[in-house]
Amino acid sequence: MPDDIYAELEWRGLIHQATDPELGKLLTEEQFSLYCGFDPTADSLHLGGLIQLLGLRRMQMAGHRPIAVMGGGTGLIGDPSGRESERTLLEPDVLEQNIAAIRTQAEKIVDFTPGPAQATMVNNADWLRALTLTDFLRDIGKHFSVNQMVARDSVRNRLQNREQGISFTEFTYMLLQSYDFLHLYRELNCRLQIGGSDQWGNITYGIELIRKVTGGEAFGLTSPLIKGLGGAKMGKSVSGNVWLDPTKTTPYRFYQHFINVEDTRVGQFLRFFTFLSRTEIVELEARAREEPQRREAQKVLAREVTTLVHGAGEAARAERASKALFGSDIAELEEGELLDVLADAPSSTLPQTILRSGTSLIDLLIGAGLATSRKTAREFIGGGGVYINNTKQTDIERTVGEGDLLHGRYLVLRRGKKNHHLVNFG
RNA sequence: GGUGGGAUACCUAAGUGGCCAAAGGGAGCCGGCUGUAAACCGGUUGCGUAAGCUUCGGAGGUUCGAAUCCUUCUCCCACCA
């Protein structure tokens, strides 16, 4: 084990808590099998899950063996950690689909091909569903004290919350995840679990269970949660969750999301989301301080992460599109370029005949989904936020005719700085 | 099973007969400054060009007039059993 992976993670700010101060040393001395669980509550991971995948990969590059655990069994129950309301239970077949989707995402980041540090993937449904209630209560439940369990933050909050209680189902969740760890410890000699800091409680319970049942020693390592990654706010103009699935978040949007990262956080993001070396990152941070207006750190960040998740081809495309959309004159583009640049933008098709007599800009905006009502469409135009082919429009009465089309059939609508829409008059 | 409390726009939360299309805050959106950043400033967030129309958990009623009063239904919470 040549690299000091712990020091590396620490430098990147990826260590929130570790269960043992000796862990760093141990990781340089012996090979570990380590696991991270992935919750199949959706058919794609988002950026928080990406950090964990990258964590597994970083460990793998340091010679350790990652195990990606799909929560097919725990997903049936629902993890109350960090949540203030009860989860909706998922149907087993939905879980299956979600797991399949997440599996392909994991395979892009972590290396599952044979080798000394080969990664494996398992589904905890395989062992959890085989458990019988009586065995579970005798062999696992016996090791947990309810007194301790109710003292946990995630449980206590829900117990004290006047609006939301906690069901027995979710209350039991932590036992299941603990059992996962025990199972992996026994079957795959897995001695380390990593996860977001919200998993600390679940992880330490697992370690304790392993100690009580087998007398063995296991470890836990958590990374900080980045505020806003789950879909809350993160940068003013970026909305919604950022998914790894290209059909849920297009590569262009994905790329843009990182381009828009605030100056104050771009360094942190480079450390969290890329495999760039220390020297490269330090260099980029320095340049970001000196010439922030060039946004070089953001550009490198966006390219790196988009490449990791969507591949070099998509990253290059997103980069080209960004340059064209924010830099050059759209009307100058060749037809092929135009279509390529707007490939990820929403688009719609309308019959060209409606342009004969001219059709109103307001209607086009609504049709394109860039405005929800005539009233708001008027406000956008009046406020100077609407563009046709990147030319600002201020006339509320503006109508669009055949003369406005690019290459005889395209119209690029834009609302605000970042929302483009391609209308194809076929 | 009993008792009490509650349901208001994206979220939170005021409003308890007309001055309410509904305060305040958060969040979003558009604009300005800049650098596709932050901070800040301005505007905006039911529909309609407008007159006006439709909204305050659902249904019905009282009234000239209801988010506000009455009846009933649904759901949520707390305490007691």
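Proteins come first, then strands; the chains are lettered A, B, ... in the order of their sequence lines, and each starts at number 1.
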Which class fits the ring pair A:H183 and A:Y179: parallel under 30°, tilted 30 to 60°, perpendicular over 60°?
tilted
Extract from the structure each pairing of a protein N or O with an N or O of nucleotides 49-56 of chain B at less than 3.5 Å, listing the distance.
{"from": "B:U49", "atom 1": "OP1", "to": "A:R374", "atom 2": "NE", "distance (Å)": "3.3"}
{"from": "B:U49", "atom 1": "OP1", "to": "A:R378", "atom 2": "NH2", "distance (Å)": "3.1"}
{"from": "B:U49", "atom 1": "OP2", "to": "A:R378", "atom 2": "NH2", "distance (Å)": "2.0"}
{"from": "B:U49", "atom 1": "O5'", "to": "A:R378", "atom 2": "NH2", "distance (Å)": "2.9"}

A:E291 CD to B:U36 C1', in whole Å, measures 18 Å
May I ask you to check whether over 12 heavy atoms, not counting those of A:R294, lie within 6.0 Å of atom CZ?
no
Picking from B:U36, B:G31, B:A38, the nucleotide nearest the side-chain atoms of A:E262 would be B:A38
Short side-chain N/O contact to B:A37 OP1/OP2 from A:K418, under 4.0 Å:
yes
Flag for A:Q256-A:S322: side-chain donor and acceptor within less than 3.5 Å:
yes
Side-chain N or O of A:K392 closer than 4.0 Å to phosphate OP1/OP2 of B:G32:
yes
Looking at every strand, decide which applies to A:T376 at a 4.0 Å heavy-atom threshold: base, sugar-phosphate, or nothing.
nothing
Between B:A7 and B:A14, how far is it from one P atom to the other, in whole Å?
9 Å
Side chains of A:Q193 and A:Q177: is there a donor and an acceptor less than 3.5 Å apart?
yes
Below 3.5 Å between N/O atoms, which protein atoms pair up with nucleotides 42-44 of chain B? Just atom names and distances, please.
{"from": "B:U44", "atom 1": "O2'", "to": "A:E379", "atom 2": "OE1", "distance (Å)": "3.4"}

Beyond-backbone contact of A:V300 with A:L276, side-chain heavy atoms, under 4.5 angstrom
yes
Rounded P spacing from B:C19 to B:G2 in Å:
40 Å
Would you mind telling me which of B:U36, B:C30, B:G31 lies closest to the side-chain atoms of A:N419?
B:C30
If pairs are Watson-Crick or G-U with both distances under 3.5 Å, what is the dot-bracket string of RNA chain B, marking crossing pairs with [ ] and pairs to another strand with |?
((((((((.[[[..)..(.....]]]((((((.......))))))((....))...[[[[[..)....]]]]]))))))).
Derivation and outcome, salt bridge (Lys or Arg N to Asp or Glu O under 4.0 Å), residues A:R317 and A:E314
CA-CA 5 Å; A:R317 246 160 77 107; A:E314 288 297 334; 3.6 Å; yes
Can you find a side chain N or O atom of A:N260 that sits less than 4.0 Å from OP1 or OP2 on B:G35?
no
Can you check the distance between B:G43 and B:G57, where both ends of the measurement are the C1' atom (answer in whole Å)?
33 Å
Integer angstrom distance from the P of B:C10 to that of B:G60
23 Å
A:D363 CG - B:G48 C1' separation (whole Å)
14 Å
Can you tell me, in whole Å, how much space there is between the P of B:U8 and that of B:C76?
15 Å
Starting at CG of A:L325 and ending at P of B:G35, how long is that distance when rounded to a whole Å?
20 Å
Could you say whether A:V386 or A:P292 is positioned toward the 5' end of RNA chain B, judged by the nucleotide with the nearest heavy atom to each?
A:V386
Just by distance, no angles: are the side chains of A:Q60 and A:R57 close enough, under 3.5 Å, to form a donor-acceptor pair?
yes
Once you apply a heavy-atom cut-off of 4.0 Å, does A:S373 come out as touching a base, just sugar-phosphate, or nothing?
sugar-phosphate
Does the side chain of A:Y410 come under 3.5 Å of the side chain of A:E335 through a donor N or O and an acceptor N or O?
yes
Tell me the interatomic distance from A:L301, atom CG, to B:A37, atom P, rounded to whole angstroms.
15 Å
Taking the P atom of each, how far is B:A38 from B:C29, in whole Å?
11 Å
P atom, B:C56 versus B:G61: distance in rounded Å?
15 Å
Is the shortest side-chain N to carboxylate O distance from A:D263 to A:R289 below 4.0 Å?
no
Does B:C29 have OP1 or OP2 under 4.0 Å away from a side-chain N or O of A:R415?
no
Any chance you could measure A:L45, atom CG, to A:I51, atom CD1, to the nearest 0.5 Å?
12.0 Å
Answer yes or no: is there an ion pair linking A:E107 with A:R103, defined by an N-O contact shorter than 4.0 Å?
no
In whole angstroms, how far is the C1' atom of B:U36 from the CZ atom of A:F326?
5 Å
Between A:T247 and A:D245, does any side-chain donor sit less than 3.5 Å from a side-chain acceptor?
yes
A:R287 vs A:E291, salt bridge (Lys or Arg N to Asp or Glu O under 4.0 Å): CA-CA, chis, key distance, verdict:
CA-CA 6 Å; A:R287 267 191 275 169; A:E291 297 181 287; over 6 Å; no
Length of the line joining A:E319:CD and B:U36:C1', which is rounded to integer Å:
14 Å
For the residue pair A:W127 / A:D180, report whether a side-chain donor-acceptor contact shorter than 3.5 Å exists.
yes
C1' gap between B:U63 and B:U68, integer Å:
13 Å
Taking the side chain of A:T372 as heavy atoms from C-beta outward, which of B:C47, B:U34, B:C29 is closest to it?
B:C47
What is the distance from CZ of A:R287 to C1' of B:A37, rounded to the nearest Å?
18 Å
Rounded to whole Å, please give me the gap between CD in A:Q293 and C1' in B:U36.
14 Å
